[in-house]
Engineer: 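Dropping a structure here in structure tokens format, bear with me for questions.
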Amino acid sequence: MYVPFENLTEESKIWIYQSNRKFSDEEIAEIDTELKAFIEKWAAHGTSLEASYELRYNRFIVLAVNQENQIATGCSIDASVQFIQNLEKKFDVDLLDKMNVTFKLGEHVAHKTLIEFKKMAKEKAVSENTIVFNNLINTVGEYQDFWEVPAMDSWHSRFF
């Protein structure tokens, strides 16, 4: 069951998928429609999940579930991953590779492999103050407070 993202509790479970490229506005409109349809039928053991999503920076897909009413189980999580894999194929993007780093260069959102980001840190092309997207967070509350953070305040700090 779809609910507005802002209606989810801070404890709601979250999954963040980053694209290796920026989606066009047309692609975002199509993804938005597909996400809403998926969320509407998303269930765990036959019980509808109270869930929502956000599309950010034309690059991130954020799924969230309020687990107070119904916990997302293995099968429902598998269904969401399969949905994301289908988007990967349809739009020829990579959404599941966690070995990439997305960060801000001014107002631009950049995407690099971990190796490239580490090299940029060594060459001082990025710094401890570079805003990175910490996609390892687990809840809506963490998403609100700790998703966009200086590299020194995230797991990326080990590169500096």
Side-chain angles (χ1 to χ4, degrees), residues 3-32 34-35 38-39 50-68 71-72 74 76-78 80-160:
V3 297
F5 197 88
E6 59 273 7
N7 291 0
L8 292 170
T9 66
E10 287 190 357
E11 294 78 28
S12 295
K13 176 73 175 134
I14 199 165
W15 296 269
I16 301 173
Y17 301 96
Q18 67 184 7
S19 174
N20 61 326
R21 68 166 174 83
K22 187 175 179 179
F23 291 111
S24 70
D25 290 340
E26 294 79 18
E27 288 173 323
I28 285 292
E30 195 172 338
I31 292 168
D32 186 62
E34 290 189 28
L35 272 165
F38 172 74
I39 296 277
E50 185 176 304
S52 195
Y53 67 93
E54 281 193 337
L55 296 166
R56 300 285 302 271
Y57 298 106
N58 282 37
R59 188 179 286 272
F60 297 93
I61 298 171
V62 182
L63 292 178
V65 173
N66 178 356
Q67 298 202 106
E68 290 178 6
I71 294 176
S76 60
I77 294 168
D78 288 349
S80 69
V81 171
Q82 184 177 9
F83 173 78
I84 294 296
Q85 288 172 328
N86 290 339
L87 290 178
E88 284 184 316
K89 290 176 191 160
K90 183 172 188 173
F91 295 100
D92 193 26
V93 295
D94 183 359
L95 294 165
L96 294 167
D97 189 346
K98 302 291 185 193
M99 296 305 290
N100 294 316
V101 179
T102 306
F103 56 98
K104 287 185 175 178
L105 286 175
E107 291 303 309
H108 176 71
V109 175
H111 180 86
K112 300 289 182 190
T113 66
L114 201 53
I115 293 168
E116 290 172 313
F117 185 80
K118 188 175 179 179
K119 183 179 178 192
M120 289 178 75
K122 190 174 186 177
E123 295 170 351
K124 304 208 183 305
V126 292
S127 74
E128 294 176 326
N129 296 316
T130 298
I131 300 299
V132 295
F133 296 92
N134 182 7
N135 298 323
L136 300 179
I137 56 175
N138 293 304
T139 66
V140 167
E142 289 175 357
Y143 173 66
Q144 293 166 342
D145 297 333
F146 304 111
W147 182 51
E148 295 183 46
V149 294
M152 70 180 131
D153 295 334
S154 75
W155 65 268
H156 305 84
S157 64
R158 65 182 180 206
F159 300 123
F160 301 97

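The first residue in the sequence is number 1, and the count goes up from there.
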Engineer: Work out which heavy atom in Ala64 is nearest to a heavy atom in Val140; give both atom names and the distance.
Structural biologist: CB-CG2, 4.1 Å
Engineer: Which atom names give the shortest non-hydrogen contact between Ser19 and His111, and what distance separates them?
Structural biologist: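 For Ser19 and His111, the tightest heavy-atom pair comes out as O-ND1, 3.6 Å.
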Engineer: Taking Ser52 for its side chain and Val3 for its backbone only, find out whether a donor-acceptor pair lies under 3.5 Å.
Structural biologist: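 Checking the backbone N and O of Val3 against the side chain of Ser52, a donor-acceptor pair under 3.5 Å is found.
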Engineer: When rounded to the nearest 0.5 angstrom, what distance separates CG in Leu105 from CE in Met120?
Structural biologist: 5.5 Å
Engineer: Using a 4.5 Å cut-off on heavy atoms from C-beta on, say whether the side chain of Leu114 contacts that of Lys118.
Structural biologist: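 Not touching, per the 4.5 Å side-chain cut-off.
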Engineer: Could you tabulate the donor-acceptor pairs under 3.5 Å formed by side-chain atoms of residues 83-91, not counting sequence neighbours?
Structural biologist:
from	atom 1	to	atom 2	distance (Å)
Asn86	ND2	Gln82	O	3.4
Glu88	OE2	Leu95	N	2.7
Glu88	OE2	Leu96	N	3.2
Lys90	NZ	Glu30	OE2	2.6
Lys90	NZ	Glu34	OE2	2.5

Engineer: Measure the shortest side-chain to side-chain distance between Ser12 and Val65 over non-hydrogen atoms and say whether it is less than 4.5 angstrom.
Structural biologist: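 No, every pair of side-chain atoms sits at 4.5 Å or beyond.
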Engineer: Are the side chains of Ile14 and Val62 in contact, using a 4.5 Å heavy-atom criterion?
Structural biologist: yes
Engineer: Look at atom CG of Asp92 and say whether more than 12 heavy atoms of other residues, nucleotides or ligands are closer to it than 6.0 Å.
Structural biologist: no
Engineer: Does the side chain of Trp155 come within less than 4.5 Å of Val101's, by heavy atoms?
Structural biologist: yes
Engineer: Hey, does Phe133 have a side-chain heavy atom less than 4.5 Å from the side chain of Trp147?
Structural biologist: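 The answer is yes, as the side chains (C-beta and beyond) meet within the 4.5 Å cut-off.
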Engineer: Within a 6.0 Å radius of atom NZ on Lys98, are there more than 12 heavy atoms belonging to other residues, nucleotides or ligands?
Structural biologist: yes
Engineer: For residues Val132 and Val126, determine if any side-chain heavy atom of one lies less than 4.5 Å from a side-chain heavy atom of the other.
Structural biologist: no
Engineer: In Å and rounded to the nearest 0.5 Å, what is the CZ to CD distance from Arg56 to Glu148?
Structural biologist: 5.5 Å
Engineer: Using 0.5 Å steps for rounding, measure from the CD1 atom of Ile16 to the CG atom of Leu136.
Structural biologist: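 Going from CD1 on Ile16 over to CG on Leu136, the span is 8.5 Å.
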Engineer: Indicate yes or no for a side-chain donor-acceptor contact from Gln67 to the backbone of Ala72 under 3.5 Å, with no hydrogens or angles considered.
Structural biologist: yes
Engineer: Side chains of Tyr143 and Glu54: closer than 4.5 Å at any heavy-atom pair?
Structural biologist: yes
Engineer: Rounded to the nearest 0.5 Å, what's the gap from CD1 on Ile28 to CZ on Arg59? Could you check?
Structural biologist: 10.5 Å
Engineer: Kindly write out the residues that satisfy ring-ring contact (aromatic ring centres under 6.0 Å, His included) with Trp15, not counting sequence neighbours, or none if the list is empty.
Structural biologist: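 For Trp15 there are no ring-ring contact (aromatic ring centres under 6.0 Å, His included) partners, ignoring immediate neighbours.
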Engineer: Taking all non-hydrogen atoms of both residues, which atom of Leu63 and which atom of Ser80 are closest, and how far apart?
Structural biologist: CD1-CB, 4.0 Å
Engineer: For the residue pair Ile61 and Leu35, establish whether any side-chain heavy-atom pair is separated by less than 4.5 Å.
Structural biologist: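 Side-chain contact under 4.5 Å: yes.
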Engineer: Find the distance between CG (Leu8) and CG (Asn66) and round it off to the nearest 0.5 Å.
Structural biologist: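 The CG atom of Leu8 sits 6.0 Å away from the CG atom of Asn66.
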Engineer: Strictly distance-based, threshold 3.5 Å: is any side-chain N or O of Asn58 a donor or acceptor partner for the main-chain N or O of Phe23?
Structural biologist: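 Looks like yes, one N/O pair under 3.5 Å.
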Engineer: Test your reading of the model: is there a side-chain donor-acceptor pair from Tyr17 to the backbone of Val81, 3.5 Å cut-off?
Structural biologist: no
Engineer: Whether the side chain of Asn20 engages the backbone of Asp94 through a donor-acceptor N/O pair (distance < 3.5 Å, no angle test) should be reported.
Structural biologist: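 Such a contact is found between Asn20 side chain and Asp94 backbone.
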Engineer: Rounded at 0.5 Å granularity, tell me how far OG1 in Thr102 sits from CG in Asn134.
Structural biologist: 11.5 Å
Engineer: Evaluate the criterion side-chain contact (heavy atoms from CB on, under 4.5 Å) for residue pair Met152 and Asn129; output intermediate values, then yes/no.
Structural biologist: CA-CA 7 Å; Met152 70 180 131; Asn129 296 316; 2.8 Å; yes
Engineer: For the residue pair Ala121 and Phe160, what are the closest heavy atoms and their distance?
Structural biologist: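 Heavy-atom minimum between the residues: CB-CE2, 3.5 Å.
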Engineer: Taking Tyr57 as the fixed residue, which of Lys22, Gln18, His108, Lys104 is the one that meets the side chain to side chain donor-acceptor pair (under 3.5 Å) rule?
Structural biologist: Lys104
